[in-house]
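Just so we're on the same page: letters track the sequence lines, and every chain starts at 1.
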Number of protein chains: 2
Amino acid sequence: MDDDICPTETALDVIGGKWKGMILFYLNPDKKRFNELRRVLPGITQRMLTKQLRELEEDGLVHREVYPVVPPKVEYSLTDLGQALSPVLSSLKVWGEKYLECKKSK
Amino acid sequence: MDDDICPTETALDVIGGKWKGMILFYLNPDKKRFNELRRVLPGITQRMLTKQLRELEEDGLVHREVYPVVPPKVEYSLTDLGQALSPVLSSLKVWGEKYLECKKSK
DNA sequence: CCGTATCCACGTGGATACTG
DNA sequence: CAGTATCCACGTGGATACGG
């Protein structure tokens, strides 16, 4: 019964990485290449982008497609499980807006 | 346009603390006393519970009511902003269950 | 273009002891 | 009962340089 809370905590762990929210956001709905993501994520380093993407891949939220061409081409996209996050992301956004609104008026 | 993502990130920052999800969960719908929370949060230390509660209070999600009696009595409850999180928490839970389901079958 | 390899600063979170 | 006060381990995240 107490483990009712467990899925919530697990979910927060999985998407709680510093850049993961933004990565998931930008991957929806379109697949993106490595440097495309890098460009829209202000200030992220290559190491961090790689790391966060690998973790998301490991957790089954993101699919990594490598094309054996030169120059290298890699595309990242959301899996079904990743797509299923969109209600979470949007409710998070709605609440975040309310939160920012509250803070502003203080 | 890019700051469309900002509320989402902000929200994740606010509720992303290690125990915050669980605290918010247990504070809904009933107010709780300090040691009540401590009892349902397996393994949390006094220091951490205090710290997380203070941060949630600072962020306006939790209200702290001190009764000037002996022995001391303090009650924590959700503010309106805190209540407004319930859609987020429940969508998080729904997705978390799906996630755990996926992992189990692998 | 898409990474990996090192190295390191910093903050979060924890252990433990004490207090009004 | 509901905290503070210290001290510290550890992992996350970042800077920088190099490689296929």
Side-chain angles (χ1 to χ4, degrees), chain A residues 5-6 8-27 30-59 61-78, chain B residues 5-6 8-27 30-59 61-78:
Chain A
I5 187 60
C6 178
T8 311
E9 284 302 294
T10 307
L12 278 173
D13 283 350
V14 171
I15 68 172
K18 177 155 182 193
W19 304 91
K20 290 186 181 162
M22 298 179 83
I23 291 174
L24 263 2
F25 178 87
Y26 286 118
L27 247 31
D30 297 323
K31 57 169 80 106
K32 295 277 189 321
R33 298 184 58 175
F34 187 84
N35 274 0
E36 281 188 273
L37 282 172
R38 213 186 152 193
R39 244 171 277 127
V40 293
L41 297 171
I44 197 173
T45 60
Q46 284 189 328
R47 184 177 112 76
M48 277 313 295
L49 182 51
T50 303
K51 190 160 166 284
Q52 302 278 305
L53 283 169
R54 290 285 138 74
E55 290 173 10
L56 289 171
E57 194 190 355
E58 174 77 11
D59 285 329
L61 308 203
V62 159
H63 174 68
R64 180 167 177 260
E65 184 78 32
V66 182
Y67 299 87
V69 297
V70 287
K73 174 176 175 179
V74 180
E75 278 179 347
Y76 293 91
S77 56
L78 294 181
Chain B
I5 187 60
C6 177
T8 310
E9 284 304 292
T10 309
L12 278 174
D13 283 349
V14 172
I15 68 173
K18 175 155 184 197
W19 304 90
K20 291 188 181 161
M22 298 179 84
I23 291 173
L24 264 0
F25 178 86
Y26 285 119
L27 246 31
D30 296 325
K31 57 168 83 103
K32 294 278 189 319
R33 298 183 59 175
F34 186 84
N35 274 0
E36 281 188 275
L37 283 172
R38 211 186 154 192
R39 243 170 279 127
V40 292
L41 297 172
I44 197 172
T45 61
Q46 284 188 328
R47 184 178 113 74
M48 276 314 293
L49 181 52
T50 303
K51 191 161 166 283
Q52 303 277 304
L53 283 169
R54 289 288 138 76
E55 288 173 11
L56 290 171
E57 194 190 355
E58 173 76 11
D59 286 330
L61 307 204
V62 159
H63 173 68
R64 180 169 178 259
E65 184 78 32
V66 182
Y67 298 88
V69 297
V70 288
K73 175 176 177 181
V74 180
E75 278 180 348
Y76 293 91
S77 56
L78 293 182

Heavy atoms under 4.0 Å, any strand shown: does A/E36 hit a base, just sugar-phosphate, or nothing? nothing
Side chain to side chain contact (heavy atoms under 4.5 Å, CB included) between B/L56 and B/L27, intermediate numbers included: CA-CA 12 Å; B/L56 290 171; B/L27 246 31; 5.8 Å; no
Whole-Å gap separating P (C/dC1) and CG (A/L37): 14 Å
Provide the full list of salt bridge (Lys or Arg N to Asp or Glu O under 4.0 Å) pairs with a residue in residues 10-27 of chain B, sequence neighbours left out, each pair given once. B/K20-B/E55
Tell me what A/E55 touches on the nucleic acid: a base, only sugar-phosphate, or nothing, going by heavy atoms under 4.0 Å. nothing
Closest non-hydrogen contact found for A/I23 with A/L41 is CG1-CD1, 3.8 Å
Using atom names, set out every protein N or O paired with an N or O of nucleotides 3-5 of chain C below 3.5 Å, distance rounded to 0.1 Å.
unit_1 : atom_1 : unit_2 : atom_2 : d
C/dG3  : OP1    : A/R54  : NH2    : 2.9
C/dG3  : OP1    : A/R64  : NE     : 3.4
C/dG3  : OP1    : A/R64  : NH2    : 2.3
C/dG3  : OP2    : A/Y76  : OH     : 2.6
C/dG3  : N7     : A/Q46  : OE1    : 2.6
C/dG3  : N7     : A/Q46  : NE2    : 3.2
C/dG3  : O6     : A/Q46  : OE1    : 2.7
C/dT4  : OP1    : A/R54  : NH1    : 2.7

Global bending angle along the helix from C/dC1-D/dG20 to C/dG20-D/dC1, which compares the axes of five pairs at either end, to 10 degrees: 60°
Set of residues satisfying salt bridge (Lys or Arg N to Asp or Glu O under 4.0 Å) with respect to A/R39, sequence neighbours excluded: none
So do the side chains of A/R47 and A/T50 get within less than 4.5 Å of each other, counting heavy atoms only? no
Interatomic distance, CD1@A/I44 vs CG@A/L37, rounded to 0.5 Å, equals 8.5 Å
Kindly indicate whether the side chain of A/L49, heavy atoms from C-beta on, has any atom under 4.5 Å from the side chain of A/W19. no
First-last contacting nucleotides on DNA chain D - partner chain A, under 4.0 angstrom, heavy atom: D/dG13 to D/dG20
Atom pairs and distances, donor-acceptor, side-chain atoms in residues 62-71 of chain A, under 3.5 Å, two or more places apart:
unit_1 : atom_1 : unit_2 : atom_2 : d
A/H63  : NE2    : A/E65  : OE1    : 2.8
A/R64  : NE     : A/Y76  : OH     : 3.2
A/Y67  : OH     : A/E75  : OE1    : 2.8

Exercise: identify the closest heavy-atom pair between A/P42 and A/M22: CD-CE, 4.3 Å
What's the shortest heavy-atom distance between B/S77 and B/K31, and which atoms? CB-CB, 3.8 Å
How would you label the contact of A/P71 with the nucleic acid (heavy atoms, under 4.0 Å): base, sugar-phosphate, or nothing? sugar-phosphate
